[in-house]
Amino acid sequence: MNKELFEFLNTDLQFIKGVGPVLAARLDDLLGGRRILDFLLHKPSYVKPRGMIDSVMNAQAGDVITIQIKIESHKAGIKLKNGRRTPTQVLARDNMNAPVSINFYGASFLDYWLEKLPIGEVRIVSGKLEFNNKGGASITHPDFIEKVETADKIPENQAIYPISAGLTQKIMANVREQVFAKLATSNEQPAIKDFFDAIKQVHFAESNDDFLPTNESVQKLAYSELFAHQVAIALSRAKRKRGIVGRMVSGDGQLREKLYASLPFKLTDAQNKAITEIENDMARTEPMLRLVQGDVGSGKTIVALAAALNAAECKIQTALMAPTDTLAQQHYAKIKPICDSLGVHVDILTGRDKGKSRTEKLISLKSGRTRIVIGTHALFSDDVVYKDLGLVIIDEQHRFGVAQRAALCGKGNNPDFLALSATPIPRTLSMTIYGDMDISIINEKPVGRLPIKTTKLGTSKLAALAERARVQINSGAKVFWVCPLVVDNPDMDFMAAETRYNYLRERMPDDAVGLVHGQMDKKERDKVMEQFADPNGRIKLLVATSVIEVGIDVPHATIMIIENAEKFGLSALHQLRGRVGRSDIQSFCVLLHGERLTENGEQRLDVLVNTDDGFIIAEQDLIMRGAGEMIGTRQHGWVPYYFVDYREHRDLFKLAAARALELANNDPTLSGADGHAARDMIYIFGRIAKIDG
Ligand code: ADP
Ligand code: MG
């Protein structure tokens, strides 16, 4: 692509009119990046029709409508005895003279809203229609208020973006307008131009059909994405064949023997096999590039530690990177006591380390005294210097981009690389997804683990379930209660964690219920987590959202309750369920679902009820279609694709892989026209940091 386009794509979102640094930071949280490109890759998830109608009498509760109203009066909200306030009401009549009230809660911005709806004037408003029990129609906090002259600002069909705290659809629509007004591709090669045309189609979708996997634009984007990924893999594979030189790492086994002797259990065959495979890789000169796949609880940490000790025996450093502070802390807490007893210095480095203590940690790393360092992104900050980083381990590697992997590996000299993943992917896909990696599979649970008893339950049994949870808590159990968090999706009624928290607090012993979610202050969240993780802590039941890192280890938690289970992807459910069943005590999982399950929904949940094998579940997740894919597919996905649908685009996988291989063979330096286009796609999808021939 041309330099202008490249620079445009890399522009910081804060420079867009109406955005600025505060919103840009929020967008960064949502998009995982703050460039215009990051926004372009974030597609709306559905289209909301907001049809213009004559009267509220022609619509039903819950409909999103657009109507013309004449404002008659303003009525201030009043404070009730219980401390709540009634809404401030703008009383109006629609085109058929039916009364409708436009309601506003809270005191902030009230004047602003009322000025937009002056008495005696005509306005067009658009929002979700509700009726009270006397049949009175109302719209609360309308999405749009316009004068008749500017009514065309209200889209007939509004593309709705997934958003997070502090963002609105208005903000997203504004960013979209500004970005596409400036996106200029007329001087680009046809391949690039077509690509951005397809992106535009998706962002300006007018009907839900525009998101179907069979839609031409969607197919084009999915193919481009797969192709970019496949070319990156093909190049990486070719590069390995040419033989970059790392070094042979083969310790004398002293530390590992001590480790095994200190464990209160015997390693499973699958663990032993994975360790042997890793040791063989490390003993070769070309750098290891291996993925260890194993269900949650299969014992990957020990495998990783064995690899790190192999390196430590050769006086080589290991960096273990986890996606969140909490996970890093947890690895550290597990590994530190073992390493202490072996006399191996281990440290932790995260964004929380500041000032003097951080400086000391960096000195220790640079001197080589620290043999194993555990942490987050902080591990590859500019000022972090290793004496001799020879092994890089990344936990939950699908949550990192390849660029981050490259950045951390860049701190050493072609270090060995080991990825850990708790997300089993269907065998039919692993070649195309992890084509450049060798794979070890841990498909065996430690002995003595009882299978988790899983049941599905309709929400009408909620009260009985809460009562059962109470009884369990009183006899010492720890319970997870997961609610889906989906922001701004009024069309789907998902249980909100806060609502459930309040409900359960009334029914459980005093102070026994805790709440954590992604929009909470981090310190506050950690405190709650600690009180739950501590066997003697006051919190016995933890209400959490699915986006929170339930990756934390609470071995004595034995009950997992998941609400709206039918709305989750199977692999996501399996991940959540894996948070219990981590000890030799019997664990339970309850899949709470709406009373009216579709046949497909029922079958999907039955897969979970009937098997605990992550690979089978992943395969079924791939095959079975259903309404459930909306939650958890990206967070827990196999590879965070933007546009690819695993089920519907399976044929595109093969096509993309074949074409990528052809290109990599014909033009391994990507210097021809097709090669350049491929480079651009690889850049756009962030598959690798840079292509060095
Ligand atoms: P993963 O990271 O794969 O989810 P962990 O490595 O955290 O799993 O292991 C889960 C728990 O199982 C830990 O408490 C660990 O000490 C224990 N464990 C690991 N391997 C075995 C084994 N072979 N036998 C019994 N317990 C084991
Ligand atoms: Mg783990």
Side-chain angles (χ1 to χ4, degrees), residues 256-278 290-309 318 320-324 326-342 346 372 374 393-399 418-425 439-452 478 480 529 533-535 549-558 560 571-587 589 612-615 617-618 636:
R256 278 166 288 165
E257 285 314 317
K258 278 194 209 155
L259 164 73
Y260 303 145
S262 75
L263 293 175
F265 48 75
K266 265 186 66 188
L267 294 183
T268 62
D269 289 346
Q271 283 171 315
N272 279 320
K273 180 154 176 271
I275 292 174
T276 307
E277 285 167 344
I278 290 167
R290 182 170 288 278
L291 170 72
V292 175
Q293 269 202 311
D295 249 332
V296 273
S298 60
K300 294 182 292 295
T301 312
I302 302 289
V303 173
L305 182 57
L309 292 178
T318 297
L320 194 172
M321 180 161 74
T324 64
T326 320
L327 284 172
Q329 299 279 359
Q330 195 171 297
H331 279 301
Y332 182 66
K334 260 192 219 165
I335 288 174
K336 172 102 167 56
I338 302 178
C339 285
D340 281 353
S341 71
L342 300 177
V346 51
I372 302 175
I374 298 169
I393 306 177
I394 298 191
D395 192 16
E396 306 289 343
Q397 79 126 16
H398 60 279
R399 303 211 5 214
L418 183 65
L420 309 177
S421 169
T423 320
I425 61 164
I439 300 181
S440 298
I441 290 180
I442 308 189
N443 53 0
E444 191 183 353
K445 284 267 164 82
V447 286
R449 296 281 163 79
L450 297 165
I452 302 163
K478 293 253 178 181
F480 281 107
M529 283 308 316
D534 176 359
E549 59 263 22
V550 252
I552 43 118
D553 197 11
V554 185
H556 47 279
T558 51
M560 167 63 67
S571 296
L573 289 174
H574 180 62
Q575 285 275 327
L576 289 170
R577 175 170 66 177
R579 298 302 141 204
V580 297
R582 304 194 129 210
S583 68
D584 49 9
I585 306 169
Q586 178 65 57
S587 286
C589 173
D612 190 31
D613 182 327
F615 288 92
I617 290 167
H636 299 282

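Counting convention: from 1, in listed order, for ligands and their atoms alike. Note that the structure is a prediction, hence the values are computed from the model and not measured. As a basis for the values below, the full set of heavy atoms in this structure was taken, side chains included, without hydrogen atoms, waters or symmetry mates. Numbering of residues begins at 1 and proceeds along the displayed sequence.
Contact between Y332 and P337 at its shortest, heavy atoms only, is O-CD, 4.2 Å. A557 and S587 get closest at one heavy-atom pair: O-OG, 4.0 Å.
Nearest residue to atom 2 (O) of ligand 1 from D584, T301, L305 is T301 (criterion: closest heavy atom). Of all the listed residues (P555, S583, A422, G299), G299 holds the heavy atom that lies closest to atom 8 (O) of ligand 1.
Note that the CG atom of L342 and the OG atom of S262 stand 6.0 Å from one another [nearest 0.5 Å]. Distance check, rounded to the nearest 0.5 Å: NZ of K336 to OG of S341 gives 10.5 Å. Atom-to-atom distance recorded for S421:OG and I442:CD1 is 11.0 Å, nearest 0.5 angstrom.
Within the listing of ligand 1, atoms 23 (N) sit less than 4.0 angstrom from a heavy atom of T268. Atoms of ligand 1 lying under 4.0 Å from any heavy atom of K266, numbered from 1 in the order shown and given with element: 22 (C), 23 (N), 24 (N). Atoms of ligand 1 found under 4.0 Å from any heavy atom of R582, numbered from 1 in the order shown, are 4 (O). Within the listing of ligand 1, atoms 5 (P), 7 (O) sit less than 4.0 angstrom from a heavy atom of K334.
Test Q271, E277, K300 against V292 for side chain to side chain contact (heavy atoms under 4.5 Å, CB included) and you get one pass: K300.
At least one heavy atom of D295 sits less than 4.0 Å from an atom of ligand 1. Look at S298 and you'll find a heavy atom under 4.0 Å from some atom of ligand 1.
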